[in-house]
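Below is one structure, written out as structure tokens, with a few remarks after it.
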Amino acid sequence: QVQLVESGGGLVQPGGSLRLSCAASTSIVTINAMGWYRQAPGKQRELVVGTGGGSVNIADSVKGRFTISSDVAKNTVYLQMNSLKPEDTAVYYCNIRGVHRVPGRLANFDSWGQGTQVTVSS
């Protein structure tokens, strides 16, 4: 089972920036899809930004401010968040679907992180 560990969350003032990291506990060969989601108190989990099948889906509320990227060599996916607003406050979750190395073969995986809190407040 592939575990994803998120980091980089915390408290930031409005207008500030944070970079979230999502590190996989495996050797990734290929990322087929990746995404960051968030869930604010009392709300449903929503897609923030995701890629897959050659397309990028990004929430209107974060366009121009958030960017997703990956470094397969480091088995890590990132979310760069700029110009943060109080309404960005939520628990952020990463999801990676891809192919990884297990002893003797390659295998597919689809894993979620445990979530990291982002709070935007003055």
Side-chain angles (χ1 to χ4, degrees):
Q1 183 178 358
V2 176
Q3 293 185 333
L4 303 183
V5 178
E6 295 140 343
S7 60
L11 175 64
V12 63
Q13 292 187 341
S17 297
L18 283 175
R19 188 176 79 156
L20 304 183
S21 298
C22 173
S25 64
T26 187
S27 178
I28 296 176
V29 176
T30 303
I31 295 176
N32 294 324
M34 57 184 183
W36 286 91
Y37 297 74
R38 67 186 180 187
Q39 187 166 18
K43 295 186 177 181
Q44 291 188 334
R45 187 176 299 190
E46 63 173 354
L47 173 68
V48 176
V49 58
T51 70
S55 64
V56 179
N57 294 309
I58 187 166
D60 288 341
S61 60
V62 306
K63 281 182 180 177
R65 301 188 298 121
F66 289 14
T67 304
I68 190 171
S69 63
S70 65
D71 187 336
V72 173
K74 294 184 178 180
N75 304 309
T76 302
V77 171
Y78 303 97
L79 180 66
Q80 178 66 45
M81 304 186 293
N82 299 326
S83 302
L84 282 161
K85 304 175 181 180
E87 50 265 43
D88 294 320
T89 295
V91 178
Y92 284 72
Y93 300 88
C94 64
N95 170 244
I96 304 176
R97 282 180 280 150
V99 177
H100 70 130
R101 292 187 180 88
V102 297
R105 63 184 178 91
L106 301 179
N108 295 316
F109 72 97
D110 183 350
S111 297
W112 287 83
Q114 81 289 350
T116 186
Q117 176 70 46
V118 171
T119 302
V120 185
S121 175
S122 55

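Everything numeric here is computed off the predicted structure, so don't read it as measured data.
Identified under the salt bridge (Lys or Arg N to Asp or Glu O under 4.0 Å) test for residues 48-59, with sequence neighbours left out: none. Within the structure, the disulfide (SG to SG under 2.5 Å) test picks out no pair touching residues 24-68 (sequence neighbours left out). Sorted by first and then second residue, the disulfide (SG to SG under 2.5 Å) pairs with a member in residues 3-86 read Cys22-Cys94; sequence neighbours excluded. Screening residues 104-117 for side chain to side chain donor-acceptor pair (under 3.5 Å), with sequence neighbours left out, gives Asn95-Asp110, Gln117-Thr119. Residues in residues 48-76 take part in no ring pair (Phe, Tyr, Trp, His ring centres under 6.0 Å) pair, two or more places apart or across chains. Contacts classified as salt bridge (Lys or Arg N to Asp or Glu O under 4.0 Å) and involving residues 90-100 (residues at least two apart or in different chains) are not found.
Listed by chain and residue number, Asp88 satisfy the side chain to side chain donor-acceptor pair (under 3.5 Å) test with Arg65 (two or more places apart in sequence, or in another chain). For Arg101, the salt bridge (Lys or Arg N to Asp or Glu O under 4.0 Å) test picks out no residue, with sequence neighbours left out. Listed by chain and residue number, Asn82 satisfy the side chain to side chain donor-acceptor pair (under 3.5 Å) test with Ser17 (two or more places apart in sequence, or in another chain). By the ring pair (Phe, Tyr, Trp, His ring centres under 6.0 Å) test, Tyr93 pairs with no residue at all, sequence neighbours left out. Considering only residues two or more places apart in sequence or on other chains, Glu87 meets the side chain to side chain donor-acceptor pair (under 3.5 Å) condition with none of them.
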Problem - Stepwise side-chain contact (heavy atoms from CB on, under 4.5 Å) check, Met34 with Ile68 - result: CA-CA 9 Å; Met34 57 184 183; Ile68 190 171; 3.8 Å; yes
Practice task
Apply side-chain contact (heavy atoms from CB on, under 4.5 Å) to Ser121 and Gln13, showing your working.
Solution key: CA-CA 5 Å; Ser121 175; Gln13 292 187 341; over 6 Å; no
Practice task
Carefully, step by step, assess Glu6 and Leu20 under the rule side-chain contact (heavy atoms from CB on, under 4.5 Å).
Solution key: CA-CA 7 Å; Glu6 295 140 343; Leu20 304 183; over 6 Å; no
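A distance-only check finds no donor-acceptor pair linking the side chain of Asn75 to the backbone of Ala23 [under 3.5 Å]. Using modelled atom types, one side-chain atom of Trp36 and one backbone atom of Tyr78 make a donor-acceptor pair closer than 3.5 Å.
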Without placing hydrogens or testing angles, list every side-chain donor-acceptor pair under 3.5 Å for residues 48-62, not counting sequence neighbours.
| residue | atom | partner | partner atom | Å |
| --- | --- | --- | --- | --- |
| Ser55 | OG | Gly52 | O | 3.0 |
| Asp60 | OD1 | Lys63 | NZ | 3.0 |
| Ser61 | OG | Arg38 | NH2 | 3.3 |

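The minimum heavy-atom distance between Ala40 and Thr89, with the atom names listed, is CB-O, 3.7 Å. Heavy-atom minimum distance, Thr76 versus Lys74: OG1-O, 2.7 Å. A pairwise comparison of heavy atoms in Ser122 and Pro14 identifies N-CD, 3.7 Å as the closest pair.
Taking the side chain as every heavy atom from C-beta outward, Arg19 and Leu79 never approach each other to under 4.5 Å.
Rounding to the nearest 0.5 Å places CD1 of Ile28 at 9.5 Å from OG1 of Thr30.
Checked against Met81 for a side chain to side chain contact (heavy atoms under 4.5 Å, CB included), the options Val120, Leu18, Val12 give a single hit: Leu18.
By the criterion of side-chain heavy atoms lying less than 4.5 angstrom apart, applied directly or through intervening Ile, Leu, Val, Met, Phe, Trp or Tyr residues, Ile96 is grouped together with Val72 in one hydrophobic cluster.
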